[in-house]
Amino acid sequence: MSDPRIQRISDAIRVIPDFPKPGILFQDVTTILLDPQAFQDSIDIMAEKYASEGVDVIAGFEARGLIFGAPLALALNIPFVPLRKPGKLPGETISATYETEYSTDKIEMHTGAVKEGQKVLLVDDLIATGGTLGAGIDLITKAKANVMGCACIIELPELEGRKKLGDIPLFVLVEKEDMAS
């Protein structure tokens, strides 16, 4: 039997055709935030998945990974580490560069925010080509911690982003299409 919460989450996602370029169906997760039950469902389902997996810390990507990662960390009663764009964090940082389907980018985190040997769950809104999550894996590895999994609201499977994660497990709530037919 399928979980009705998944359908509620899927229904709450707005699709915007031809954004950011023609032929793309942009999956806008910000509309989940307009539906408190769908938002709560997304956090609850991920918390249920990871409650007994021994996660030490959650690291969430700017911008929408912060929105879903922070409440998940609260639900699991563990620390949250923001992964930000360059120049957004005030202290000493470490960084990783990556390519997305649209650009080359960089993420940073505070030095020492993740401790050596910790089990880290990476959280983002969506996995497309896997570039962002791949950079997160590189960043956490630089900190000598271990990425035990990645969690996203949406996966665009035809872009094969899972391949960039190697053997790191990926948990997604909803699969969607990226291209307009």
May I ask you to decide if [Y]'s main-chain N or O and [X]'s side chain share a donor-acceptor pair within less than 3.5 Å?
{"X": "D35", "Y": "Q37", "answer": "yes"}
{"X": "K115", "Y": "G112", "answer": "yes"}
{"X": "T141", "Y": "I137", "answer": "yes"}
{"X": "D28", "Y": "V15", "answer": "no"}
{"X": "H110", "Y": "T93", "answer": "no"}
{"X": "E155", "Y": "I127", "answer": "no"}

Discussion item. Quick check: is L74 connected to I153 through a chain of hydrophobic side chains (ILVMFWY, heavy atoms under 4.5 Å apart)?
Written reply: no
Item to complete: Establish whether L89 and V57 are linked, either directly or via other cluster members, by ILVMFWY side-chain heavy-atom contacts under 4.5 Å.
Response: no
In chain order, what residues pass the salt bridge (charged side-chain N to carboxylate O under 4.0 Å, His left out) check against [X], with sequence neighbours excluded?
{"X": "D56", "value": "none"}
{"X": "D44", "value": "none"}
{"X": "E175", "value": "none"}
{"X": "K49", "value": "E53"}

Sub-4.5 Å side-chain heavy-atom contact between [X] and [Y]:
{"X": "Q118", "Y": "N146", "value": "no"}
{"X": "V55", "Y": "I78", "value": "yes"}
{"X": "T132", "Y": "Y98", "value": "yes"}

Measure across [X] and [Y] and return the closest heavy-atom pair with its distance rounded to 0.1 Å.
{"X": "K164", "Y": "G131", "result": "CD-N, 4.1 Å"}
{"X": "P36", "Y": "L34", "result": "CD-O, 3.5 Å"}
{"X": "P157", "Y": "K176", "result": "CD-O, 3.4 Å"}
{"X": "V81", "Y": "M109", "result": "CG1-SD, 4.0 Å"}
{"X": "Y50", "Y": "C150", "result": "OH-O, 3.6 Å"}

Discussion item. With a 4.0 Å cut-off on N to O distance, would you call E108 and R84 a salt bridge?
Written reply: no
Worksheet item: Would you call E48-R5 a salt bridge at under 4.0 Å N-O?
Response: yes
Worksheet, complete the sentence: residues 117-133 vs salt bridge (Lys or Arg N to Asp or Glu O under 4.0 Å), sequence neighbours excluded, gives R64-D125
Worksheet item: In chain order, what residues pass the ring pair (Phe, Tyr, Trp, His ring centres under 6.0 Å) check against F68, with sequence neighbours excluded?
Response: F39
Fill in: Given L126, L173, L133, V174, the one that forms side chain to side chain contact (heavy atoms under 4.5 Å, CB included) with C152
L133
Worksheet item: So how far is it from E92 CD to T111 OG1, rounded to the nearest 0.5 Å?
Response: 4.0 Å
Discussion item. Just by distance, no angles: are the side chains of K142 and S95 close enough, under 3.5 Å, to form a donor-acceptor pair?
Written reply: no
